[in-house]
Amino acid sequence: MIHHRWDISPSEAIALQGRLAALVRVEPLVGEVHTVVGTDCAFMDGRKRIIAVAVLCDAKSMEVLTSVREIRRCGFPYVSGLLSFREAPAMIAAVRKLPRRLDLLMCDGQGLAHPRGLGLACHVGLWLDLPVIGVAKSRLCGQHRGPGARRGCRAQLRHNGNVVGAVVRTRTNVKSLYISVGHRVTLNESVRWTLKACRGVRLPEPSRRAHQYVSRAKTE
DNA sequence: GCGACAG
DNA sequence: ATCTTGTCGC
């Protein structure tokens, strides 16, 4: 069963990740991608509440079509490797508020590039049964050679002998991004969509807009 | 014991 | 993530 309780202990969460990881599917996208959604979270009242934002963009122009938000009380502490238990509940609720259908989702964090193969992007993808790409700004696990300095350069991210993601230079001479599969998409498609969505800046447009919106919403 | 550690 | 202003470089 994919759906489960979220109010569990860190040790129970780790055990659960082991079971859920086996359900993640790496497969080509099905059908055309017309819309791409970006999500991001921020904290309010000194981490007492969490706000999640989901921004729906047109896949062709990457223009924003709609955005929604969800505010909840924080129910789980930040623990490296257990990020989804802290952010996924609010993030999932926000995505479900979107009025239109979404074809692809970008999460701010790792997908398969996770110690137990179940990063935030995988967890959200399984729960919603949607194609999800993990777009992280820094490394959680695995090693890699430095990708070239030019936009488009990439390097394999491997962990325990497996390729779990790609380190991608989305902008020349700017810190690279850690891309990995969340669910129902391949690593190559993930990299291509990420590059396609970066309009001259480091972060893909849906993610960048989600970050802007969540920061703004927090101050209102 | 020591260093690493998504957001 | 969050606390925070201006500043250096492409």
Side-chain angles (χ1 to χ4, degrees), chain A residues 6 10-11 13-14 17 20-21 24 38-55 69-92 94-95 105-126 132-144 148-151 157-160 164-183 187 190 194 198-204 206-208 210-220:
Chain A
W6 291 100
S11 59
I14 290 175
Q17 290 183 319
L20 294 178
V24 173
T39 58
D40 195 23
C41 293
F43 299 89
M44 311 169 79
D45 318 317
R47 353 185 149 67
K48 286 186 174 55
R49 290 194 300 167
I50 180 173
I51 174 173
V53 160
V55 178
R69 70 177 70 170
E70 170 77 10
I71 295 178
R72 295 193 168 195
R73 287 194 51 174
C74 282
F76 203 91
Y78 170 72
V79 178
S80 178
L82 300 180
L83 183 64
S84 62
F85 291 89
R86 179 170 175 75
E87 303 194 340
M91 190 172 280
I92 289 168
V95 172
L105 181 62
M106 290 178 154
C107 273
D108 61 323
Q110 316 290 345
L112 289 176
H114 175 281
R116 291 170 292 283
L118 195 84
L120 173 65
C122 298
H123 209 156
V124 170
L126 281 176
V132 181
I133 297 174
V135 180
K137 296 181 291 299
S138 62
R139 188 189 68 90
L140 171 60
C141 70
Q143 13 284 151
H144 63 85
R150 310 290 294 177
R151 171 191 157 89
L157 175 62
R158 28 192 14 165
H159 182 62
N160 294 332
V164 296
V167 186
V168 183
R169 193 77 65 183
T170 54
R171 186 173 183 191
T172 301
N173 292 329
V174 169
K175 184 175 168 47
S176 48
L177 252 33
Y178 291 77
I179 306 302
S180 58
V181 170
H183 190 48
L187 180 55
S190 298
T194 296
C198 290
R199 315 247 109 165
V201 291
R202 176 161 92 123
L203 292 177
S207 302
R208 193 177 70 83
H211 189 33
Q212 286 184 340
Y213 286 26
V214 82
S215 298
R216 182 177 310 169
K218 192 180 56 174
T219 316
E220 292 175 355

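Throughout, protein chains are lettered first and strands after them, A, B, ... in sequence-line order, and every chain is numbered starting at 1.
Taking a 6.0 Å sphere around NZ of A:Lys48, one finds it holds 12 or fewer heavy atoms contributed by other residues, nucleotides or ligands. Within a 6.0 Å radius of CZ in A:Arg47, other residues, nucleotides and ligands contribute 12 heavy atoms or fewer.
Distance A:Gln110 CD to B:dG7 P: 7 Å, rounded to the nearest Å. As rounded to whole Å, 9 Å separates atom C1' of B:dG7 from atom CD1 of A:Ile50. A:Met91 has its CE atom 15 Å from the P atom of B:dA6, to the nearest Å. Taking atom CD of residue A:Gln143 and atom P of nucleotide B:dC5, one finds them 11 Å apart after rounding to whole Å. In this structure, CD1 of A:Ile133 is placed 21 Å from P of B:dA6, rounded to the nearest angstrom. Summarising the geometry, the separation between NE2 on A:His114 and P on B:dA4 is reported as 20 Å, rounded to the nearest angstrom. Atoms CZ (A:Phe43) and P (C:dC3) sit 12 Å apart, rounded to a whole Å. The distance from atom CD1 of A:Ile14 to atom P of B:dC5 is 18 Å, rounded to the nearest whole Å.
The backbone N or O of A:Gly81 lies less than 3.5 Å from a partner atom in the side chain of A:His114, making a donor-acceptor pair. Between the side chain of A:Arg72 and the backbone N or O of A:Ile50, no donor-acceptor pair lies under 3.5 Å.
Phosphate proximity of B:dG7 to A:Lys137: present, with a side-chain N or O under 4.0 Å from OP1 or OP2. The side chain of A:Arg47 places no N or O atom within less than 4.0 Å of a non-bridging phosphate oxygen (OP1 or OP2) of C:dA1. Note on A:Thr172: every side-chain N or O is 4.0 Å or more away from OP1 and OP2 of C:dC10. For C:dA1, neither phosphate oxygen OP1 nor OP2 lies less than 4.0 angstrom from any side-chain nitrogen or oxygen of A:Lys218.
Counting any heavy atom pair closer than 4.0 Å across all strands shown, A:Ile51 reaches no nucleic acid atom. Using a 4.0 Å heavy-atom cutoff across all strands shown, A:Tyr78 reaches at least one base atom of the nucleic acid. Using a 4.0 Å heavy-atom cutoff across all strands shown, A:Gly134 reaches no nucleic acid atom at all. No contact: A:His123 has no heavy atom under 4.0 Å from any strand.
Comparing A:Arg171 and A:Met44, the nucleotide of DNA chain C nearest to each residue sits closer to the 5' end for A:Met44. Heavy-atom nearest nucleotides on DNA chain C were determined for A:Glu87 and for A:Asn173, and the one closer to the 5' end corresponds to A:Glu87.
Annotation: the span from A:Ile14 atom CD1 to A:Arg116 atom CZ amounts to 4.5 Å, rounded to 0.5 Å.
Considering only heavy atoms from C-beta on, A:Leu82 comes within 4.5 Å of A:Gln17 through its side chain.
For A:Leu83, the listed nucleotide lying nearest its side chain is B:dA6; candidates were C:dA1, B:dA4, B:dA6. Side chain of A:Ala42, nearest nucleotide from C:dA1, B:dA6, B:dA4: C:dA1.
By the stacking rule of 5.5 Å between ring centres and under 30° between planes, A:Tyr178 does not stack on the base of B:dA6.
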